[in-house]
Each structure stands twice: as structure tokens, then as C-alpha cells.
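The figures that follow rest on heavy atoms only: side chains count, while hydrogens, waters and symmetry mates do not.
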Amino acid sequence: MTAERIAAALREAAAGLGAPGADVQLERPKDPSHGDLASNLALALASRLRRAPREIAADLKGRLDGLAGIDRIEVAGPGFLNFFLELRAVGEALGRILAERSDYGRSREGEGRRIMVEFVSANPTGPLHLGHGRQAALGDALASLLEWSGWSVHREFYFNDAGRQTELLAESVLARYRQLLGHEDPVPKGGYQGEYVAEIARALLERDGLRYEDDAGGAELEAIRRFAIEAMQETQKRYLAAFGVRFDEYFAETALYREGRVRATLQALDEAGVVYERDGATWLRTATFGDQKDRVMLKSDGSATYFLPDVAYHVGKWERGFRDVINVQGADHHSTVDRVRAGLQALGIPEGYPEYLLHQMVTVVRGDEEVRFSKRSGSYTTLGELIEEVGVDVARYFFLIRRPEAHLVFDLELALDQSDKNPVYKVKYAHARLCRLSRIARRRGWDGMDGPDAPEADASLLSAPSERELTKRLADFPATLGRATKARAPHILCDYLERTAGVVNSWYQAGHPSRDPEASALVEDEPTRRARLTLAVAARIVLANGLQVLGIEAPARMTRGS
RNA sequence: GCGCCCGUAGCUCAGCUGGAUAGAGCAUCGGCCUUCUAAGCCGAGGGUCCCAGGUUCGAGUCCUGGCGGGCGUACCA
């Protein structure tokens, strides 16, 4: 590729000027008058070479003579080198896109190594809410990005099925169950009030009949607890499936106890000399490893806090062979980061393990009005209700549209809009328009662009500014995916897709028959038509692949609403 | 009090290793449909990048200190 050749030539030229091993990065100038590619190498080398940047740039330029595919090189501004490529070189990406098709954008960066992405990890004590929605979309998109970058990804969901909260759930279910039988049991203090608890109680009654009616004391609470957790998990899994998210493994906290891993972790920490007793409780010296203060592992009543099994769980991840782990969590859990890492470090696991991706909270608005999370009608309490109203694709996209560390405002009014104002639809429409071009071409007997044996198009015929711009954008797709993956930031891909869709729409519109038939992809001149249809197919592939990464459908046609 | 995150156009937000004149969508205003679906396109206005210092040839981006907002800071989960 031309860009790689230029970078290599620049490195060599820099070495020739006395600066070997320079880190050369080419960038896409925003302004087309700054060329197709630009390098700030001369600026970066100025202090090292103790020379004026523009002077260095001129020397570099002198050493780059005769590079194929380059029309001209300019020294500009404070010392930039701007490269203007021949159209053929700009268009070389098109051939690659047509050849790689649905694989265009994949890389081998991860070299097949295993990586775990843990996300959602909701407690089995209630339905999934909107925060879980953001996490589901984010974790799944991140996992998908990693797969596209050549990692072997394991998607995992951890659930706390052992703590006090699950007992409270069971007690709440029992109260509701007895209410169904005409008793006046109140839901326990701090218990779960939601309607879903009553539903579980009804299901329990249906399955087991009157078995627990006289069990106000709770002798069979364990059976109820298991039933409730299972029911809750079924519901969660159903919503996640509807949301298009699938996990390789659901990991239960109780498994840690059953296998003795909690006790073993406690013992190992004790042997490491980082455990002490105070006020009847057992503490871990997490402050020694960067935590703000020491933490309790065993309460004075002998039961464990969440912290201890959390550490045991992550020791398990390490022992299962996962050297790369990303935990996707809400920012309200950020205090666990330091303490879990501290516990792991005390056991000799490297600092900074595991990696965390913390995302900020979600607020929902309808126009100017904030939607409160309450049980009153018209408010959203669960992910399921949201999906039902706006659809899976819109929900997924909206959850991904912002940087994880930025607060997310979910606008229902915009989400329900089906015009191009809605960014998801903008991308889908662009994709559908490109499909339509190919359909019409086929209908007119101009076939052959879509097959695997499509003849090479002449990219030098793509001379309009919008064609050049679109071609360059398409060439940047693999690098954009790479950047999004490394930054753990799917929104970078959203941003790319929206901009690309904008360029597509603009190009499409310029060639609309009512505007300029000569600029259309469907012109009579065969070589020109072939080149433009190739561009259309390439753009379609890129949009489809991008949406695929985000788990969003790329329709070949959009049906007009009434 | 302490810790993490955020502060960019009226609103919601991008801004890649520090680089050229700070960008997009929405909203507002003005143009463009007999033609491949205009669910669109073109154009315009709109900015003390929270403030103050510092590092640098160069800071929205890095450092320090403020101010404002969110989330944490349990022998809760």
C-alpha cells in the first residue's frame, strides 16, 4: 500500500538525516488542500536534529523522489509534509475491499490470544435496567471489536447468587406467595417490592402448590431462593437474547464456595501476611497496594463480604489462563477496582490486572423532559421495555454513541425518529441507498460488480471531490477499527459510520438524476459506471461490516412508513 | 474531607501519538424534487474549548491549583 511505502521511505530519509528509528505516523489532513496524507515528522525531529522544521522537511522531501503513486509533495505550514497521491493510489483500497468483502477491516493484531470480557454481571435479584443496557451494548461491541482484531474472546457474566440479597429476594417471594394465599405477610424490610417478585411467587405456587404455606419461619427458604434466582436469570437471559447478546459462560458466585476457592483465597492471603484481625473482623491490607484504606473480608459474624469472593473469582480468571481480562462496569462500582487489584497483587498477580472499562451513568429524556425511573406508567424501569419501544438496533446504537467515561443522555424522542436525524437510520439509509444502486444496475443489465470475479475498476476515473473523499474514508476503516479497539471505545466506530454515511449521502445526492445525471453512478459510459459502482459496493461493504461489529442489522432496503 | 469521571456552539456531543483556519448532529434561517425513493442534499449564522498559572517552536489535548456537576468513599450488595 502506498501509505506504508511512504512511511517506510520517510523512516529511511530520517535515518539519512541522522535520526534513525523515528516513529513515523501518517495522518489524514482534514483540509483537502493539505493533501491526501500528511506527516509531522520534520516537526517531531526538530529538537532532536537541532534544526528548523521547514528546513528538515525540505531535506526529507528531497530524499523521497521517485516514490510511485505520488503526484507531488509539499512543505507547508510550520513544517508539514503534505502528500498528494495519484488517483490510482487513492483508489487502491477499493480492490482490497472488493477482495476481502465481509472480512474487510479484520486484523491479526491479537494473534489469536485469549481475552475475557466480563460484562453485565447483574445480580439475580431483579430485572435488567438501563445501566445494564449500556453495559450489554458496550461489552458486546468491545468483544466484537476484539474479535475483529484477531483476539479469541470469551464473554462472561458473573452473578452473585450467594449473598444476603438473594435471601432477601427469597423472603420477599415467600411474603408474596403467602399473600396470594390470603395471608397478610408484609414484604420484609429492605426487601424487593417490584411486580416481578409477585410473578415469581405465582410461578412458585403453580409449580409447588401449597408446600410453603406454613413455612413462615423459612425452613424451606433455600428452595425458594433457588427457584427465585433461576426465574430471575431466565428473565435476564431472555432480555439479553432479545438484545442480541450472548455469553460463553455464566459464572456463579456459589461455585466459588462449592469448590472451596473462597477459603483457599483467604488462606493464601493469610500466608502472604497481609491479613489481620481488628474489632472482631478480618481485614486485608489493601492500602499497602494502593487502595485508599484497608478492607474487611470477613465480618465479625464470620460471613464474607462481597470483596473476598470477588478476589477469589479473579484469582480464578488468572488460573483459568486468562492473562488479558477486561471488566466492563458502571462507574458506581469504581471503588471495587483498587481493592480487587490490591487483593490480587498480594497474591503475586501483576499490578493492573484485570483491566477495567468503567462507564458513566445513563439518563433518559423524552424531548426536554427527564424520564424518571419509577414504577409509574410511562417510565422505563427495564431494558426489556426500552427495547420494546425503540427496537434493538436503536437501543444498541444509542448506548454506544458516547465515550464510555462520558455521561449518556438517551433521548427517546430522537430514538423514535425514523428519519436521518436519527444517526442509526442515517447509517442504515446510506447502506440501503448503496444497495439500491446495485439493484438498479442489475435491473438494467449492468451486472458484474458484486461477484467475486468482478473486473478491476479504474480508480483514476473517481475524480470528483466527494468520490475522492469517500474512497479515502473507506481506506481508513481498518485503522479506525484498530483505534476503537485499542481505546476500548466503540463510539469511535459510531462516529466513523455516521460521517461515512454523510459522505455517501452527499455523493449519492450529487449524482441524483434531478441534479446531475452525469455525476450518477448509473451513467452510460461503461468504465466510469464500473468505477462508480465499485465505489458504491465498497462503501456498502464498509457500512455493513461496521454495523456488523456493533451488532446492528444492515438492511438492503428500507420500507417506507405510512 | 478524600478518590474516580466529566466541563468544547442554544442542546447532545466528536476531536486519533500535543500540530495547520476547533468539527458533527439537532435546533434556527435561506436555497434545491417531471427523472435511480428528496426518509435526502447544498449553503448561512452561531465559540473567552469552565477559570488561573506552567511545560513546549506549538496546548481543547500534558502538569499544578481553583470553580461547577456526576459517582463513590459501609463489618450494604
Side-chain angles (χ1 to χ4, degrees), chain A residues 23 25 27-31 33-34 38 40 43-44 46-47 52-53 76-80 82 123 125 160 163-166 168 190 278-283 291-293 295-307 330-338 358-361 363 365 368 401-411 413-414 417-423 425-426 428-430 432-433 436-437 439-441 443-444 476 479-480 482-484 486-487 489 491-492 494-496 498-499 502 505-515 517 520-522 557-558 560-561:
Chain A
D23 179 31
Q25 301 276 344
E27 57 177 33
R28 286 277 185 211
K30 289 163 224 153
D31 184 342
S33 73
H34 293 151
N40 65 350
L43 293 156
S47 66
F80 289 100
N82 294 339
N123 284 346
T125 51
N160 299 116
R164 169 71 191 137
Q165 289 307 308
T166 62
L168 261 176
R278 197 181 75 204
D279 306 330
T282 306
W283 297 68
D291 198 5
Q292 275 196 279
K293 51 188 257 191
R295 308 287 174 175
V296 170
M297 292 187 297
L298 295 181
K299 301 180 223 172
S300 47
D301 68 3
S303 66
T305 58
Y306 262 59
F307 167 49
D332 52 340
H333 287 80
H334 78 246
S335 70
T336 67
V337 175
D338 283 345
L358 298 181
H359 65 84
Q360 292 295 317
M361 305 290 102
T363 17
V365 299
D368 294 332
I401 209 162
R402 304 298 173 219
R403 321 180 355 251
E405 60 270 27
H407 183 90
L408 179 82
V409 177
F410 196 117
D411 187 348
E413 207 167 274
L414 185 59
D417 188 312
Q418 300 203 346
S419 76
D420 272 21
K421 285 179 195 168
N422 183 333
Y425 281 92
K426 179 175 181 170
K428 284 175 178 247
Y429 284 129
R433 279 186 192 109
R436 184 165 56 238
L437 282 179
R439 273 200 305 275
I440 293 167
R443 201 187 304 147
R444 295 185 184 173
D476 289 340
T480 303
R483 218 154 46 78
K486 282 206 186 71
H491 80 277
I492 289 175
C494 295
D495 191 60
Y496 171 86
E498 283 171 51
R499 285 171 200 272
N505 286 341
S506 189
W507 173 67
Y508 174 88
Q509 199 58 226
H512 195 272
S514 67
R515 213 169 283 276
S520 171
L522 303 170
R557 58 179 88 215
M558 301 290 284
R560 173 171 282 179

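Spacing of C1' atoms, B/rU61 relative to B/rG23, comes out at 15 Å, to the nearest Å. Atom C1' of B/rA74 sits at a distance of 26 Å from the matching atom of B/rC6, rounded to the whole Å. For the P atom pair drawn from B/rG47 and B/rC11, the interatomic distance equals 13 Å after rounding to whole Å. Nucleotides B/rG45 and B/rA52 are separated by 28 Å at their P atoms, to the nearest Å. To the nearest whole angstrom, the two C1' atoms, one in B/rG58 and one in B/rU17, are 15 Å apart. With C1' as the reference atom, B/rU8 and B/rU48 are 12 Å apart, rounded to whole Å. To the nearest whole angstrom, the two P atoms, one in B/rA24 and one in B/rC67, are 36 Å apart. Look at the P atom in both B/rU21 and B/rA59: the space between them is 12 Å, to the nearest Å.
A/Ala38 comes within 4.0 angstrom of a base, heavy atoms only. Residue A/Ala76 is classed as a base contact, given a heavy-atom separation below 4.0 Å to a base. The residue A/Asp291 sits apart from the nucleic acid: no heavy atom pair falls under 4.0 Å.
What separates CD of A/Glu498 from P of B/rA24 is a distance of 13 Å, to the nearest Å. What separates CD of A/Gln418 from C1' of B/rG40 is a distance of 16 Å, to the nearest Å. Distance A/Leu414 CG to B/rA39 P: 18 Å, rounded to the nearest Å. In this structure, A/Arg433 atom CZ and B/rU37 atom P are separated by 11 Å, rounded to whole Å. Between A/Asn422 atom CG and B/rG40 atom P there is a gap of 11 Å when expressed in whole angstrom units. At whole-Å resolution of the value, CG in A/Leu358 and P in B/rC6 are 11 Å apart. Atom OH of A/Tyr425 and atom C1' of B/rA39 are 11 Å apart (whole Å).
A/Asp417 contributes a side-chain N or O that, together with a main-chain N or O of A/Ser419, makes up a donor-acceptor pair within less than 3.5 Å.
A/Tyr429 approaches A/Gln418 most closely through the heavy-atom pair OH-O, 2.5 Å.
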Output one line per pair: protein atom, nucleotide atom from nucleotides 13-18 of chain B, and distance, for all N/O pairs under 3.5 Å.
| residue | atom | partner | partner atom | Å |
| --- | --- | --- | --- | --- |
| B/rC13 | OP1 | A/His407 | O | 3.1 |
| B/rC13 | O2' | A/Arg402 | NH1 | 2.7 |
| B/rA14 | OP1 | A/Arg403 | N | 3.0 |
| B/rA14 | OP2 | A/Arg403 | NH1 | 3.1 |
| B/rA14 | O2' | A/Asp495 | OD1 | 3.3 |
| B/rA14 | O2' | A/Asp495 | OD2 | 3.1 |
| B/rG15 | OP1 | A/His491 | NE2 | 3.2 |
| B/rC16 | O4' | A/Arg483 | NH1 | 3.1 |

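In this view, A/Asp301 and A/Ser303 satisfy the side-chain hydrogen bond (donor to acceptor under 3.5 Å, both in side chains) rule, not counting sequence neighbours. Applying the ring-ring contact (aromatic ring centres under 6.0 Å, His included) rule to A/Tyr508 yields no partners; only residues at least two apart in sequence or on another chain are considered. Partners of A/Tyr306 under the ring-ring contact (aromatic ring centres under 6.0 Å, His included) rule, at least two apart in sequence or in another chain, do not exist in this structure.
B/rU61 is unpaired under the Watson-Crick or G-U wobble criterion, no partner having all donor-acceptor distances under 3.5 Å. With a 3.5 Å ceiling on both atom-pair distances, the Watson-Crick or G-U wobble partner of B/rG40 is B/rC32. When both pairing distances are held under 3.5 Å, B/rC16 makes no Watson-Crick or G-U pair with any nucleotide shown. Here B/rU73 sits opposite B/rG1 as a Watson-Crick or G-U wobble pair (both hydrogen-bonding atom distances under 3.5 Å). B/rU48 is unpaired under the criterion used here, namely a Watson-Crick or G-U wobble arrangement in which both key atom distances are under 3.5 Å. In this entry B/rC26 has B/rG10 as its Watson-Crick or G-U wobble partner, both defining distances falling under 3.5 Å.
Between A/Gln292 and A/Asp338 the shortest side-chain heavy-atom distance does not fall below 4.5 Å. The shortest side-chain heavy-atom distance between A/Arg28 and A/Asp476 falls under the 4.5 Å cut-off.
The 5' end of RNA chain B is approached more closely, in terms of each residue's nearest nucleotide, by A/Leu43 than by the other of A/Leu43 and A/Pro53.
A distance of 9.5 Å separates CE of A/Met558 from CZ of A/Arg433, quoted to the nearest 0.5 Å. Between the CZ atom in A/Arg402 and the NE2 atom in A/His407 there is a gap of 11.0 Å [rounded to 0.5 Å]. To the nearest 0.5 Å, atoms CG (A/Leu358) and OG1 (A/Thr336) are separated by 7.5 Å. In this structure, CG on A/Leu437 lies 5.5 Å from CG on A/Leu522, to the nearest 0.5 angstrom. Taking CD of A/Gln509 as the reference point, atom OG of A/Ser514 lies at 6.5 Å (rounded to 0.5 Å).
An anti orientation is assigned to B/rC50, its glycosidic angle lying beyond 90° of 0.
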- Item | Working for side-chain contact (heavy atoms from CB on, under 4.5 Å), residues A/Leu408 and A/Ile401 | CA-CA 8 Å; A/Leu408 179 82; A/Ile401 209 162; 4.1 Å; yes
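Atom CZ of A/Arg439 sits in a crowded spot, with more than 12 heavy atoms from other residues, nucleotides or ligands closer than 6.0 Å.
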5' to 3', nucleotides 71-77 of chain B under a 4.0 Å protein heavy-atom cut-off (B base, S sugar-phosphate only, - none) gives BB-SBSB
Whether each nucleotide of nucleotides 28-36 of chain B has a protein heavy atom under 4.0 Å at its base (B), only at its sugar-phosphate (S) or at neither (-) is summarised, 5' to 3', as ----B--BB
